[in-house]
Structures are given as structure tokens and as C-alpha cells.
Amino acid sequence: FRLWINGEKAASGDQYHLPRPDQARVSVKLRKGLNRVLVKVCQDTGPLGFFLRRDPPGRIRVSLPETPPALAKGASPAPQVQPTLTSSLKDAVARAPQDAALRGEYATVLDFFRAYDEREHTASVEAERAARAAPADARLQLLAAATQREDLNQRRTFLEAALRAEPESVQARVALGEFELERGHPERVLTLLEPVVKDAPDTAPAWLALARAYEALGEAARAHRLIEDALQKLPRQPRVVRAAASSSRSLDRPQEAMGRLRVALALRHDDRSSRALLATLLSDTGQVEAAGREYTQTLALYPFDNATRLKLGDLQAANGQLDAARATFTEARVLSPDEPELYEREGKALLAAGLSDEAVRSFERALALRPQNTTLKEAVRTLKGESASAGLQYLPDVRPLLKQAEGYVHEDAVYLTDSTYVRVQKSGIAGRLHQFAVKVLNARGVDAFRSFPITYSPDRQEVRIL
């Protein structure tokens with residue numbers, strides 16, 4: 001990133017990492033009146049975003065004008081880099097490198113603030129160092145396991161070390177149980193978590209993981225019973241209420257499920273998963289306006305959630321709210337102008353509304369962005385009334401040539417035709433029809449033409465043999 005204050009560079013960083021607050025701090029001198037602040041952010045992978053805040057807030061007012069104001073002459077901002085929590089802990093670890101607990105705190109802060117280049121995995125490296133330095137510290141072993149997202153064998157090693165260090169640790173048992181579920185070993189979860197739900201019944205993750213294990217083992221009734229028991233013991237835990245709602249839905253009790261989801265949202269207003277499930281259930285039961293309100297509320301909380309925006313557009317289009325659907329899809333295009341799924345979803349919605357011409361335009365835009373979508377290509381051909389083998393009328397008829405080929409008695413095989421028809425559409429998508437015909441006259445000819453190579457790019461082209 002780069003930060004300029006009144007035209008002078010005040011801060012910069014060349015590390016690629018997820019956006020988090022307070023990854024860098026700088027003090028500057030602002031002028032009286034208007035000050036121009038410019039931020040440049042570069043992205044490698046992951047979500048694009050940045051945090052910029054005043055510390056302390058003071059009496060500074062922020063405005064975003066349509067056009068940037070002209071730079072006026074004035075005092076330099078005199079930028080000075082300030083320490084962050086991450087840099088302060090880094091210095092502390094450098095002064096006491098043998099302090100495993102301190103290094104663990106440093107790794108925890110790194111994992112939260114992400115103030116390092118993601119390609120260097122600094123948080124997991126520091127957590128591993130802390131765990132190696134204190135093998136009897138279950139907390140540090142769990143920290144190393146939590147930050148290890150690449151090497152699953154290493155993660156298992158730290159989880160098992162945590163359990164050895166503290167066999168009765170609820171956290172260690174739950175973490176290892178959830179890991180075994182992820183790795184497809186539900187039978188190992190039972191011995192780990194059944195004692196936990198008995199001795200520490202307020203541990204919500206243990207109830208839920210144990211229920212998932214029984215579900216995976218084919219004991220659905222027991223899994224549902226565990227969820228209901230967890231709900232009775234922990235009725236104010238949003239994750240438990242959400243799991244109970246999912247259980248109700250799987251038992252085909254939509255009204256009960258929706259009631260539980262509303263409780264989950266009352267407990268945690270920003271629970272995106274609960275709100276998404278509630279909107280789906282409302283839509284399935286014909287409560288279109290209520291479903292639309294839930295999707296709209298999700299977008300108010302998460303304005304860059306285009307997946308929810310597309311669901312809202314689909315819902316509006318399917319229920320005759322075509323103008324609202326167009327506006328919703330337009331908002332989605334502003335955020336992701338080069339996302340092919342967006343245009344495909346818009347095309348399907350328009351097609352369902354009977355607007356085939358507009359749907360074709362959206363589909364063609366999707367194909368321009370992802371030309372290897374063969375299913376969509378076929379749909380566009382059908383909508384446009386085109387044959388999948390367009391151009392056959394321009395290829396020669398080889399039947400009259402067969403008789404002539406028989407006169408070449410000393411040849412193994414005779415080429416009859418090698419013709420190509422190329423068609424380029426307005427969208428830039430091109431199709432090529434290649435006709436190759438040969439008359440084989442003896443066994444040597446059979447061997448020579450037993451196979452015929454076809455070269456193409458699977459990620460961008462499709463091949464059909466007519």
C-alpha cells in the first residue's frame with residue numbers, strides 16, 4: 001500500500017496480506033482546513049480492502065468529494081512511523097527469545113492482525129517455535145495447531161501433543177475431535193467428546209461435533225437428540241440455536257426452523273449463516289417479501305456480499321419484480337464486472353421472465369468471460385435457433401468423389417477432402433467446422449489412418465465429432 005498526505009508520501013508497505021486494522025501506524029501533521037488523503041492498495045490474492053482510521057478520533061471530519069481538491073502549498077506532514085502491537089511484541093521477543101509464552105502471544109497477535117506477508121506464514125512459524133520450546137504447554141500446542149493451515153499432518157501432531165500435555169483439557173479434546181471429523185474419522189470422535197458433554201455440558205462445540213459424528217456414522221436419530229439436548233442446556237448460544245434450526249429443517253419442520261432462526265438472529269444480529277438459511281426457508285414457503293427483507297438486511301450488514309445480491313435478484317425476477325431484479329443485478333455488475341457467473345445468473349432470471357433476447361445478451365457476456373462453459377454454449381445456440389453444426393451447407397458432398405477414388409488402385413488411401421468452415425460471432429467467439437474425408441483402399445491404409453489427432457485447448461475450446 002501507499003499513503004499520501006497532501007501530496008507527500010507518508011507511509012508504505014510491500015507485504016501482501018489480508019486487510020486488518022492497525023497493521024501500520026504513522027503520525028502526521030495536518031494543516032488547518034482541508035487535507036487531501038490518498039490511499040493506493042495493491043492486491044495479490046484474497047479479498048481487496050483496507051482500513052484507515054484516525055487515532056484518536058479528535059474533531060477531524062472526513063469527506064469524499066466527487067473530484068479531488070487541488071493541492072495547496074503548505075507545511076509538510078512530517079510523517080513518523082509509530083509502533084504497532086505487532087511490532088512491539090516482535091521487539092520484545094527479540095529481547096527474550098527463550099520466552100515461549102511471549103512468543104506465543106506474538107504468534108496470536110500475528111494471526112489476528114496479519115501484519116506480515118501471507119506467503120511467509122509468519123504466524124504459524126512463530127507459533128510452532130513457541131510450541132517446540134514448551135512441549136508441556138497445551139495452550140501453545142493448540143495455538144500451533146490453529147495457525148497451521150497448510151500441513152495437516154503437522155496440525156495433527158500439535159493437537160495430539162496438546163492432549164498428551166493435558167489429557168482432560170476440554171479445548172484439546174474438542175479441537176482434536178473437530179479435526180478427526182474433517183479428516184473423515186467420526187468413530188474417533190466419540191471417545192474424545194462423550195466425556196466432555198458429560199463433565200462440561202456448557203461446551204457448545206463438543207455437543208455439535210458429537211452430533212455431527214453420529215450423523216456421519218448413520219445414527220441420525222441420536223444426532224437429532226443430541227442437538228435437542230444441547231438446545232435445552234444452551235438456549236442462548238447462537239451456534240446451538242442455528243444447529244437446532246438446521247435439525248428442524250432436515251426433519252421437515254419449516255415453521256419450527258424459522259422460529260429458531262429468528263431466535264439465533266435475536267442473539268446475534270450479524271449471523272450471516274442464520275439469516276441466509278431463514279431467507280431460503282421463507283422463500284421456499286412462499287413468503288417472498290419477508291425473504292427479500294432478510295436478503296436486504298444481509299446486504300446492509302455486508303454490502304460486498306455479491307452471492308446474497310444474486311440470490312435477491314433471482315428471487316425478485318422469479319416473482320415478477322423485474323425492475324427491482326434489474327437494479328439488483330446492476331449493483332452486482334458494478335462490484336464484479338468480470339464475474340461470468342453473475343451474467344449467467346442474470347440471463348437465467350431474464351429467461352424465466354420471458355425476456356429471451358436480453359437473456360441471450362447476458363449469456364453471451366458470460367461466455368466471453370468463460371468460453372469453456374459448454375452447457376451455456378448449447379443453451380445460447382438453442383435460444384438463437386442455431387444448429388450445433390452450423391456451416392454444413394458450405395462443405396462439399398464427398399459421395400461423388402468415392403467412385404473416382406477407386407481408380408487409384410496403387411494407393412493405400414486417397415484424400416477426398418480437407419475443408420474448414422470458420423464462423424466468428426459478434427461477441428468474438430469463434431467456431432470452426434473441419435471436414436476430413438479419406439478413402440482407405442487396403443490394410444496399409446487402415447494402419448495409416450487408424451487414429452486422427454485433434455489439437456485444442458480444453459480450458460477454452462470444445463470439440464464435437466459429427
Side-chain angles (χ1 to χ4, degrees), residues 100-101 104-105 107-108 111-112 127-128 130-149 152-248 250-251 256 260-261 263-264 266-268 271 273-274:
E105 295 297 326
T108 302
D111 193 51
F112 178 80
E128 181 178 348
R132 301 290 186 199
D137 190 325
R139 185 185 67 83
L140 291 179
Q141 304 303 317
L142 289 173
L143 174 63
T147 57
Q148 180 54 260
R149 300 179 179 90
L152 295 178
N153 291 326
Q154 191 76 280
R155 187 177 175 192
R156 177 186 289 280
T157 298
F158 288 124
L159 288 171
E160 292 174 346
L163 196 58
R164 284 195 304 271
E166 197 173 329
E168 303 304 318
S169 169
V170 170
Q171 283 184 304
R173 284 179 170 271
V174 170
L176 184 55
E178 290 178 338
F179 178 80
E180 296 292 8
L181 271 177
E182 292 173 8
R183 304 311 300 155
H185 300 293
E187 70 284 355
R188 300 177 184 175
V189 177
L190 308 185
T191 55
L192 285 168
L193 297 186
E194 283 181 340
V196 175
V197 298
K198 180 181 178 180
D199 300 332
D202 59 340
T203 309
W207 286 97
L208 302 183
L210 189 58
R212 286 165 53 205
Y214 278 116
E215 182 78 29
L217 291 169
E219 298 188 42
R222 193 164 184 175
H224 289 305
R225 183 69 262 166
L226 276 169
I227 294 295
E228 294 300 321
D229 290 345
L231 183 63
Q232 289 183 5
K233 294 179 182 297
L234 304 167
R236 296 292 181 266
Q237 286 275 0
R239 69 174 75 180
V240 173
V241 180
R242 182 170 64 246
S246 297
S247 177
S248 298
S250 66
L251 294 171
E256 181 181 72
R260 288 175 168 179
L261 287 169
V263 172
L267 293 169
R268 181 165 181 176
D271 186 344
S273 298
S274 294

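Being a predicted model, the structure only gives us computed values, none of them experimental.
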Fill in: Test item: Thr203 side-chain N/O and Ala200 main-chain N/O as donor-acceptor pair under 3.5 Å
yes
Item to complete: Give a yes or no on this: more than 12 heavy atoms of other residues, nucleotides or ligands lie within 6.0 Å of atom CZ of Arg225.
Response: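 Check passes, neighbour count above 12.
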Practice prompt. Scan residues 233-248 for pairs that pass salt bridge (Lys or Arg N to Asp or Glu O under 4.0 Å), counting only residues two or more places apart or in two chains.
Written response: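 Output for this query lists Arg242-Asp271.
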Practice prompt. Not counting sequence neighbours, list each pair that qualifies as a salt bridge (Lys or Arg N to Asp or Glu O under 4.0 Å) and has a residue in residues 152-161.
Written response: Arg155-Glu182, Arg156-Glu160, Arg156-Glu180
What pair of heavy atoms forms the shortest contact from [X] to [Y], and how long is it?
X	Y	answer
Ala127	Thr147	CB-OG1, 3.3 Å
Ala100	Ala130	O-CB, 3.6 Å
Leu193	Ala206	CD1-O, 3.9 Å

Fill in: Worked verdict on Asp111 versus Arg149 for side-chain contact (heavy atoms from CB on, under 4.5 Å)
CA-CA 11 Å; Asp111 193 51; Arg149 300 179 179 90; 3.2 Å; yes
Worksheet item: Could you state the interatomic distance from CD (Glu168) to CG (Asp199), rounded to the nearest 0.5 Å?
Response: 7.5 Å
Worksheet item: Any salt bridge between Lys198 and Glu194, counting N to O under 4.0 Å?
Response: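 Salt bridge: no.
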Worksheet item: Between Leu217 and Leu190, does a side-chain contact (heavy atoms from CB on, under 4.5 Å) hold up when you go through it step by step?
Response: CA-CA 10 Å; Leu217 291 169; Leu190 308 185; 3.9 Å; yes
Identify all side-chain donor-acceptor contacts of residues 136-145 below 3.5 Å with residues at least two apart in sequence or on another chain.
unit_1 : atom_1 : unit_2 : atom_2 : d
Asp137 : OD1    : Arg139 : N      : 3.0
Asp137 : OD1    : Leu140 : N      : 3.3
Gln141 : NE2    : Ala131 : O      : 3.0
Gln141 : NE2    : Ala134 : O      : 3.1

